[in-house]
Every structure is written in C-alpha cells, then in structure tokens.
Number of protein chains: 2
Amino acid sequence: MTTRVLLVDDHPVVRAGLRAVLESVGDIVVGAEAPDGRVALEMLSRAGGSVDVVVMDLQMGSGMGGLDATRRIVAAGGPPVLILTTYDTQADIVAALEAGAIGYLLKDSQPETIGAAVHDAAAGRPVLSPSVTARLMQRVRSPGTSLSAREIEILRGLATGASNRALAKELFISEATVKTHLVHIYDKLGVDNRTAAVNRAREEHLI
Amino acid sequence: MTTRVLLVDDHPVVRAGLRAVLESVGDIVVGAEAPDGRVALEMLSRAGGSVDVVVMDLQMGSGMGGLDATRRIVAAGGPPVLILTTYDTQADIVAALEAGAIGYLLKDSQPETIGAAVHDAAAGRPVLSPSVTARLMQRVRSPGTSLSAREIEILRGLATGASNRALAKELFISEATVKTHLVHIYDKLGVDNRTAAVNRAREEHLI
DNA sequence: ACCGCGCTCAACCGATCGGTTGACCCGGCG
DNA sequence: CGCCGGGTCAACCGATCGGTTGAGCGCGGT
C-alpha cells in the first residue's frame, strides 16, 4: 500500500525536491502541496481522509507557521505530522514535539532516510534524526529554563523587533494574550522587558 | 542554446528540487551537482568549459562555504555565480556581491523567476530578487550605516536590555539625550523600536 | 570667522509596554 | 470526578518609550 503525503513548505524549490526524492524511493505519492499552514488545514478539512502523513516545514515566510499548523492538525485528529526542517536547535525540536509532531527530520538527510521516515510516520511510529536525538538527550541531562512551545514562538517574534500588535496578528491571538505570555516569559527568564528577554534567550541558546 | 548549470548545495532535497525546477522551464540542463564549495571547485577545474553558470547556496553545513567558493571561482575567471539562498540579510547580500556573485536570489522565488534568472546570470546580466533589491536600496540610502561612536555605545547598552534611564546613568547623560540618540539610531538603521534596532545591529555586525 | 556636525538637554504628547486581576476553556493526571 | 497547567481574553493603570520641536555647546574644516 502506497503512502499518501501532504507537503507543506513555503519554498516551491523544496517542494519540488521533496516530491522528486519521495516519489523516487517507492511506495510514496505526494497527493497535495501547500505553501503554508492555513492552506494545509483547508486541504485536510476538505480531503483529510486521503492523506496518510503530513510532511511539514517549520519556518514559513508568511502565513500560518508550521508549529501552529501542527498543533491544529493534531488537535483535529488529523494524520501524523512529520517535521522536516533545516535547523536542529533545542527550542525548535522541543516546541515541535510539544505541538504534537510524530517526528523531526533534517533536510540534509539522505533521500532513503527521508523515505523510510515518511513510511514510519505514516504508520504512527515516531522518527528522529540522529542529531535531533542527540540534542534531546542533551536537554534531558541539563533541565534548562523550560519555556512552553508557545512562549518560544513569542520569543522568536520578539527577537525580530515586532510589537505586541504585530505579534498578535502573526500568531492569530489577541494583544492581551501576547502580554500574558510576555509576563510569563519575563518571569521565567528573570528579566523585565522585551529586549532583555531576547538577550537572555540568545545567551541560553533558546533561539 | 541551452544553459548548462553547476548546482552547489549541501541539501540533496534542494538539489533535486532545483534540478526539477530548472529543467522544467526549458533550455536549462543541470550538468553537475556539488555538495560543497571544495567539490564545486574541483569540478570546475576539471570541466570548467562546460559550465555556463554556477548556482550556489551560501549556507553549507560543512566543507567550503558558498562565499569562499564564489570568491575563488571569480578569481579564477570561472563562470558567473548566482547565489540562491534562503536569507536576505544585508550582511549576506553585501558579502556575496563583494565576493563577486553576479546575482542574489531567494529560494522562495517562483520557478519561472529562477529559470529566467539563471539565463540572465549565464549571459552575464546581474539579477536580484525584489526583496534583495529593497535591502540594498535601504543600505545605500542610509550612507554606509555609519553610526557615531556615541551611538554605538548606546546600541551596546540597548542590546543588554537596559531602559533609557539605566542607559542615561551608565553613560552619565540625561534621559532626554538618550532619547535623542535613539531617534537617530532608529533613523539610520531604518527601524522604529529598540529591539528591532538591536536585531538590525546584530545583522550588520555593528555589535 | 563661519558653518556643519555631534553631543547635550528640556518639554510635551500620544502610543506602546509592563503588570495586575479575574475569567474561561481544554486536556492530562491522580 | 476534581485539580492543575497551558492557552486564551478583557479591562485597567502607571511607567516607559517613540517622536517632535527647539536650543545651547564645542570642535574641526573651508
């Protein structure tokens, strides 16, 4: 039985590459592609039954981000979500797994590795890149400052210099909620303003 | 006459995607692929005459980076180098152009755009993504991003998350003066708040 | 001597941020 | 089942920040 995939990535080039790689390893067919989280959700709600696994990038230039989309797909009882991205920072990995992703792969993986991972994820088996596993172990060994997935997202926005209003729009929440998150972040990081929070987050390699 | 391309990117997925995209727009053939700068240089020195343009990523996980490779190819009188990457920071763009690249494209460009750019680059015509052009204009408008010594000091303080009052105490000036400096800094960096200023300053290696 | 520029300061105002209280929903856990 | 934590939101207030105008000082160059 062939595995049917929904590709979510804002780069046409990457989508084409993944399509080529996946369909060349056999027993995989890319049934649909989406350039961001919003479109992916629409596609799933319309033809969810025909997708065995979602292969999702985390970084989206615009539109709904990968984390948000993953959360919603999982919440809606959709197909398993396999994160396929470029970065392997602790913050990204933990946030993705907390959001409910079934796996976390790096884009520089070998084609066969990616193919095997897609089959595993579709079957509900968790998959992690070796380097990702390493970072995860590193984390459990040293229980650092624990920010929630949502808080990390907020922090990322902060680092770009976004205002509360811009942050709210970006994450589809109200300014009030952004402020609530900020208070928690300041508390956990031991600071009292956004710039200091960004500074501390960089120091602790949270972003 | 078909344009012959050498692809340099450390991600197999991206190479596959670019190959698919380029060869689908017509009159382009990907003659060779290299996973890093070193391999690319070897290929060129052995079969340089058969490459019309090098399509190069900047970020390479390991091995020789894209900047270094571009410099050497240009120095050796090799084919034009078109940078195709994910980021559009001023630092990256300026560095690439200084290294001698003939163009700078973003990976989220449309396939047809990329195809046209490859043809242009091969013919020796410079090409830039719109957003890249915007950043460059931004840079030329702000003359060399030349901040005064005092402004750099302020910026350093900003980066630590200090308030205007703390900054004033630290530098033995009044809050009013701090605010004046800040306005000038925002102006020169093209931003409108302290966190964004710090972000931009990091990008441009001003701190 | 004059001009330009960087640095300094003041006063003012609207916009944004920081902080608090209180509330609701949901999912996981004992 | 009830509890708790995470996420969401509202309303409110004082503090801080962003932006403007206007002005004085000292230093270096034409």
Side-chain angles (χ1 to χ4, degrees), chain A residues 64-65 67-78 91 94-101 143 145-200, chain B residues 142-201:
Chain A
M64 184 186 298
L67 276 183
D68 233 334
T70 300
R71 256 190 294 271
R72 301 194 187 203
I73 292 172
V74 172
V94 173
L97 298 185
E98 279 181 7
T145 313
S146 85
L147 295 176
S148 73
R150 202 52 161 168
E151 286 162 353
I152 296 277
E153 283 186 274
I154 298 271
L155 212 33
R156 285 211 152 76
L158 268 201
T160 70
S163 67
N164 289 349
R165 181 163 305 153
L167 233 29
K169 279 212 172 65
E170 196 175 316
L171 299 179
F172 303 102
I173 57 182
S174 77
E175 284 187 56
T177 304
V178 172
K179 292 170 67 173
T180 303
H181 283 305
L182 284 180
V183 170
H184 294 158
I185 292 173
Y186 298 158
D187 196 35
K188 290 184 181 176
L189 295 185
V191 298
D192 64 353
N193 69 67
R194 58 216 291 113
T195 312
V198 170
N199 190 241
R200 176 58 60 75
Chain B
S142 57
T145 316
S146 77
L147 296 177
S148 72
R150 199 54 159 169
E151 285 163 353
I152 297 278
E153 282 187 274
I154 298 270
L155 211 36
R156 289 209 146 79
L158 266 201
T160 70
S163 68
N164 289 350
R165 181 163 304 151
L167 233 29
K169 278 209 171 68
E170 196 177 317
L171 300 178
F172 302 101
I173 56 181
S174 78
E175 285 186 55
T177 304
V178 172
K179 290 171 67 172
T180 302
H181 283 306
L182 285 181
V183 170
H184 294 159
I185 292 173
Y186 297 158
D187 197 34
K188 291 184 180 177
L189 296 186
V191 300
D192 65 352
N193 68 67
R194 58 216 291 116
T195 312
V198 171
N199 192 241
R200 178 59 117 276

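Below, chain A is the first sequence line, B the second, and so on; all start at residue 1.
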- [ ] Enter the distance from Glu151(B):CD to Leu189(B):CG here, rounded to the nearest 0.5 Å.
- [x] 9.0 Å
Task: Atom-pair distance (CG on Leu182(B); P on dT8(C)), nearest Å - done: 12 Å
TODO: To the nearest Å, give me how far apart CD1 (Ile185(B)) and P (dT8(C)) are.
DONE: 12 Å
- [ ] Determine the minimum heavy-atom distance between Ile185(B) and Ala197(B), stating which atoms define it.
- [x] CG2-CB, 4.5 Å
Open item on the list: I'd like to check the side chain to side chain contact (heavy atoms under 4.5 Å, CB included) partners of Asn164(A); sequence neighbours left out, ordered by chain and number.
Closed with: Glu175(A), Val178(A), Lys179(A), Leu182(A), Arg194(A)
- [ ] Using heavy atoms and a sub-4.0 Å distance, could you list which residues of residues 158-169 of chain A are near DNA chain D? By number, please.
- [x] none
Task: Results of side chain to side chain contact (heavy atoms under 4.5 Å, CB included) for Arg150(B) - residues two or more places apart only - done: Ser148(B), Glu153(B), Leu171(B), Ile173(B), His181(B)
- [ ] Take the C1' atoms of the five end pairs on each side of the helix from dA1(C)-dT30(D) to dG30(C)-dC1(D), get both axes, and report the angle to 10 degrees.
- [x] 40°
Task: Donor-acceptor contact below 3.5 Å, side chain Arg71(A) vs main chain Ala99(A) - done: no
TODO: Nearest whole angstrom, please: distance from the P of dA15(C) to the CZ of Arg194(A).
DONE: 17 Å
- [ ] Please answer whether the main-chain N or O of Ala159(B) pairs with a side-chain N or O of Asn199(A) as donor and acceptor at a distance below 3.5 Å.
- [x] yes
Open item on the list: Quick one: does any side-chain atom of Glu98(A) pair with a main-chain N or O of Ala149(A) as donor and acceptor, under 3.5 Å?
Closed with: yes
- [ ] Between dA10(D), dG19(D), dG18(C), spot the one nearest the side chain of Tyr186(A), thanks.
- [x] dG18(C)
Task: Length of the CG-C1' vector between Asp192(A) and dG19(C), whole Å - done: 11 Å
Task: Closest non-hydrogen atom pair, Ser174(B) against Ala168(B) - done: C-CB, 3.8 Å
Open item on the list: To the closest 0.5 Å, what do you measure between CG (Asn193(B)) and OG1 (Thr195(A))?
Closed with: 7.5 Å
- [ ] Rounded to the nearest angstrom, tell me the gap between atom CG in Leu147(B) and atom P in dC7(C).
- [x] 10 Å
Task: Non-neighbouring partners of Ala166(A) that pass side chain to side chain contact (heavy atoms under 4.5 Å, CB included), sequence neighbours left out - done: Ala162(A), Ser163(A)
Open item on the list: Can a side-chain donor-acceptor contact be found between Thr177(B) and Thr180(B) if the only test is distance below 3.5 angstrom?
Closed with: no
Give me, pair by pair, the N or O atoms of the protein and of nucleotides 4-8 of chain D that are less than 3.5 Å apart, along with how far apart they are.
from   : atom 1 : to        : atom 2 : distance (Å)
dG7(D) : OP1    : Ser148(A) : OG     : 3.0
dG7(D) : OP2    : Ser148(A) : OG     : 2.8
dT8(D) : OP1    : Arg150(A) : NE     : 3.2
dT8(D) : OP1    : Arg150(A) : NH2    : 2.9
dT8(D) : OP2    : Arg150(A) : NE     : 3.3
dT8(D) : OP2    : His181(A) : NE2    : 2.7

TODO: Take atom CG of Asn193(A) and atom P of dG14(D), then tell me their distance rounded to the nearest Å.
DONE: 21 Å
TODO: Send over the distance from Glu175(A) CD to dC17(C) P, rounded to a whole Å.
DONE: 7 Å
